[in-house]
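As structure tokens, the structure follows; a few thoughts come after it.
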Amino acid sequence: MKFSLARIAVISTLGAALSISSAFAQDPSINKLLSKLPPTEQVIKTDPAFRDPLRTQIASAIKAQNFGQAMELLRKLAQRYPKSAGAQASLGLLAFQLHRLDEAADAFRRTIAIQPNLAFGYFGLGAVEYSEGHIAAAIPHFHKSLQLEPRAVSNWLFLSACAEKLGHKQESLDYAKHATTTSPNLSATWIRLAHAESMLGHQREALAAIKRAQQIKKTGKKLG
């Protein structure tokens, strides 16, 4: 598992939104989630954990791929600041990526209890439920996250995948179309749309979506 400087920024700023990699063509591989969108400014400005020296140690441990140490430091940070949504969310994120799903879920629940309007907490819970195969239970969390952060295309993508797993192919397509509308310059949205169209036998539409994704990759457009 690799943690880029962009991912270290998640820990450094204590809070972030997520976007999905192009692996969504088959199934949203949650372990490939990347931090793309800026953190919630309100959380950063009011979160005392953001100024703690442990933040630098955590970033260094992650950069060195010493994830066990990073987890211990994040647990310490979360214990030191039990009312810090950022500390809890960061612990949840790393625990999630290390497949410690029970710990991740607990951390995300604490995040929500502290900051009920922080979309990332609900997204994290949805991701945990999805990883555990609890598809129906994941959906309300993604909807709540979407309600709080309409720009987060990740929610539309996961909702599309959830609907597909439940056999709701048209609903999956509708969610995928919302994803392309929200982030038309993100190739993953068009890949998900192509998959949803194909599941309904819409081969012409699926091919058009694939071509759009290839064009975006070729021109190097990114989520703006």
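The first residue of the sequence shown is numbered 1, and numbering continues consecutively from there. The structure displayed is predicted, hence computed values, not measured ones.
- A distance of 10.0 Å separates OG of S154 from CZ of F120, quoted to the nearest 0.5 Å.
- Within the 4.5 Å cutoff, no side-chain heavy atoms of K76 are placed close to those of E72.
- Using a 4.5 Å cut-off on side-chain heavy atoms (C-beta onward), L146 and H178 make no contact.
- Under a hydrophobic clustering in which Ile, Leu, Val, Met, Phe, Trp and Tyr are joined whenever their side-chain heavy atoms come within less than 4.5 Å, directly or via other members, W156 and M199 fall into different clusters.
- For the residue pair I114 and A85, the shortest heavy atom distance occurs at CG2-N, 3.8 Å.
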Stepwise side-chain contact (heavy atoms from CB on, under 4.5 Å) test for R109 and D106: CA-CA 5 Å; R109 290 190 188 100; D106 288 342; 3.2 Å; yes
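- The main-chain N or O of A49 is never found under 3.5 Å from a side-chain atom of S84 such that the two would form a donor-acceptor pair.
- Atom CG of residue L173 and atom NE2 of residue H202 lie 7.0 Å apart, to the nearest 0.5 angstrom.
- Using cut-offs of 30° and 60° for the angle between ring planes, the F158 and F123 rings count as perpendicular.
- Contact detail for P184 and I216: the closest heavy-atom pair is O-CD1, 3.3 Å.
- Atom OG of S90 is separated from atom CD1 of I58 by 7.5 Å, given to the nearest 0.5 angstrom.
- Looking at heavy atoms from C-beta onward, Q147 lies out of side-chain contact with H143 at the 4.5 angstrom threshold.
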Step-by-step side-chain contact (heavy atoms from CB on, under 4.5 Å) determination, R192 to S172: CA-CA 9 Å; R192 167 104 297 257; S172 176; 3.5 Å; yes
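- Counting heavy atoms from C-beta on, the side chains of L94 and R75 never come closer than 4.5 Å.
- The structure places CG of L74 at 6.0 Å from CD1 of I62, a figure rounded to the nearest 0.5 Å.
- In terms of heavy atoms, C162 sits closest to Y130 at SG-CD1, 3.6 Å.
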Derivation and outcome, side-chain contact (heavy atoms from CB on, under 4.5 Å), residues L207 and E197: CA-CA 9 Å; L207 180 59; E197 294 280 17; over 6 Å; no
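- Note: the hydrophobic cluster containing M71 also contains Y81 (ILVMFWY, side chain heavy atoms under 4.5 Å, direct or indirect links).
- Here the CD atom belonging to Q88 is positioned 11.5 Å from the CD atom belonging to Q115, to the nearest 0.5 angstrom.
- Between T189 and S183, the shortest heavy-atom contact is OG1-O, 3.3 Å.
- Counting only heavy atoms from C-beta outward, the side chains of E171 and Y175 approach each other to under 4.5 Å.
- Side-chain contact between L118 and I112 is absent, with no heavy-atom pair separated by less than 4.5 Å.
- When all heavy atoms are compared, the tightest approach of A61 to L73 is CB-CD1, 4.5 Å.
- Between Y122 and F108, the distance separating the two ring centers is not shorter than 6.0 angstrom.
- Here CG of N185 is found 7.5 Å from OG1 of T219. Values are rounded to the nearest 0.5 Å.
- Remark: side-chain polar atoms of T182 are not paired, donor with acceptor, to backbone N or O of R151 under 3.5 angstrom.
- Between K218 and Q215 there is no side-chain heavy-atom pair separated by less than 4.5 Å.
- Between E205 and K177 no salt bridge is recorded (no basic side-chain N to carboxylate O distance below 4.0 Å).
- Hydrophobic clustering (side-chain heavy atoms under 4.5 Å, transitive across Ile, Leu, Val, Met, Phe, Trp, Tyr) keeps L186 apart from I210.
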Derivation of the side-chain contact (heavy atoms from CB on, under 4.5 Å) call for K144 and N155: CA-CA 9 Å; K144 181 64 175 180; N155 293 296; over 6 Å; no
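- Summarising the geometry of S131 relative to L101, their closest heavy-atom pair is CB-CD1, 3.9 Å, with the distance given to 0.1 Å.
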